[in-house]
Amino acid sequence: MAYSDPIIISGAGPVAMVLAVALYRQGVPFISFEQLPEPFVDQRAASHHPPTVEMLDKIGLAEHMINEGLKSPIYRFHDRVTHDVIAEFDLGLLSDEVPFPYVVQYEQYKLVRKILELFGHNSDFNVQFSRAVKGFKQYGDHVIVEIENADGSSEMVRGSFLVGCDGGRSTVRKTADISFEGFTYPEKFIKIGTYFDLTAHDNRIAIRNYFSHPEEWCNLFRVKGEPDKPDIWRFVVPMRVGESEEEAKTPHAMQRRLKRFFPRDEDYEIAYANVYTVSQCVASSFNKGRIVLAGDSAHVNNPIGGMGLNGGIHDAINLASKLVPLWRGELGMECLDLYTRQRHKASTDFTQAQTIANKKQLEEKDPAKRKRRLDEMRAMSEDPIKAKAYMRRAQLIDSVKAADAIT
Ligand SMILES: Cc1cc2nc3c(=O)[nH]c(=O)nc-3n(C[C@H](O)[C@H](O)[C@H](O)COP(=O)(O)OP(=O)(O)OC[C@H]3O[C@@H](n4cnc5c(N)ncnc54)[C@H](O)[C@@H]3O)c2cc1C
């Protein structure tokens, strides 16, 4: 059957906005409800892998992020104990396989901001702020979604489908009673951004770096500054188990953390710091009747490897390819089961498996195992066939192919 009611999206984060553009470009009406009064300036994701850039190119967004972000074909693994560069991977090796053989560093808030700048002035690009999704009921051919306004008043809105793009604590997932299975790491992670130019300090630093250390591993990535500001180097490091956010964010604690990596007499100029509780969880299903989940509402993982938002964008693009013909009456409801089968596999077999392995790799404590893992990483980077196989997995190229192969 064909529908006339809009598709309702809970949230206006990056996954919601990519889904919105994909629906809008195909002329399918939607309303996105966002609980916050304005787009969140969120310093979490920044790395967009080659398949993500390719997907965003198909909906006209890639050129903006490439022009405004940083292209990063190379990334390096460092041993923080010996100060050696263990391995370098060059995505240029995949240039005969993917149209964008590099990662684009472009923060998620810039992606949301760009989408609203490009499309927000169109009345049918319907994004409503200060409007929270509180619950829903679903019927044979529609959903009724309860919306709460900033003044506490509520309203019922009718839609054809409801997509939960409302993050790890998703109201949609909880109301649909879909379980979220996995675990939470005992230690929190802190992200500290500094304006200090680390390449001037150590020319072995690439735009994207991983540091292995038994007590204090690190992801170190560069992102482009706002027009009037220098670029920012973002450290993500583990906190001590039990260390509070207040302790970790004192200027003294932050300076000590950065100086353990790059000793210097002067203090670092801190751009921002955020503390995160990190979990590995996947929803048991990504659809239930007319309710669908995408992005962090369906899966969360640690940020090592930069995969969470990438997987969420892959969800959004895959889901749009089903919702558009379903809404037009060209496909049946079973296409949403296929969406779950495809994206659930991508999430569990690839994103979850790879991010868990990435963390173990960086934090290995046993000296013999650690040496073996680092030797393997070095050997892999020196063998072009193995390096390409590794990058296809680490850059989520394999995950998209495996999902698409499910029919
Ligand atoms: C330190 C760190 C670094 C990371 N780096 C990367 C990276 O480099 N690459 C990568 O791929 N991923 C990365 N991630 C993961 C990435 O940030 C998330 O996967 C991404 O934010 C998910 O986007 P989303 O749109 O699904 O959810 P969110 O970004 O959480 O957006 C959800 C939106 O829904 C809104 N909302 C919530 N509830 C409601 C409601 N009831 N009604 C209406 N609106 C609601 C929220 O206000 C929010 O705007 C990182 C994560 C961390 C912690």
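These numbers come from the heavy atoms of this one structure, side chains and all, not from hydrogens, waters or symmetry mates. In listed order, ligands and their atoms are each counted from 1.
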Do the ring centers of F89 and Y75 come within less than 6.0 Å of each other? yes
Quick one: list whatever passes side-chain hydrogen bond (donor to acceptor under 3.5 Å, both in side chains) with S285, sequence neighbours left out. N287
By the salt bridge (charged side-chain N to carboxylate O under 4.0 Å, His left out) test, which pairs, at least two apart or in different chains, include something from residues 219-229? R113-E226, R222-D231
Donor-acceptor pair, distance only, cut-off 3.5 Å: does the side chain of Q255 make one with the backbone of Y268? yes
Residues which pass side-chain hydrogen bond (donor to acceptor under 3.5 Å, both in side chains) with E187, listed by chain and number, not counting sequence neighbours: K359
Using heavy atoms and a cut-off under 4.0 Å, could you grab the residues that are in contact with ligand 1, chain by chain, numbers ascending? S10, G11, G13, P14, V15, F33, E34, Q35, L36, R44, A45, A46, S47, Q108, R131, A132, V133, C165, D166, G167, T171, K191, Y276, G295, D296, P303, G306, M307, G308, L309, N310
Please find out if less than 6.0 Å separates the ring center of F161 from that of Y3. yes
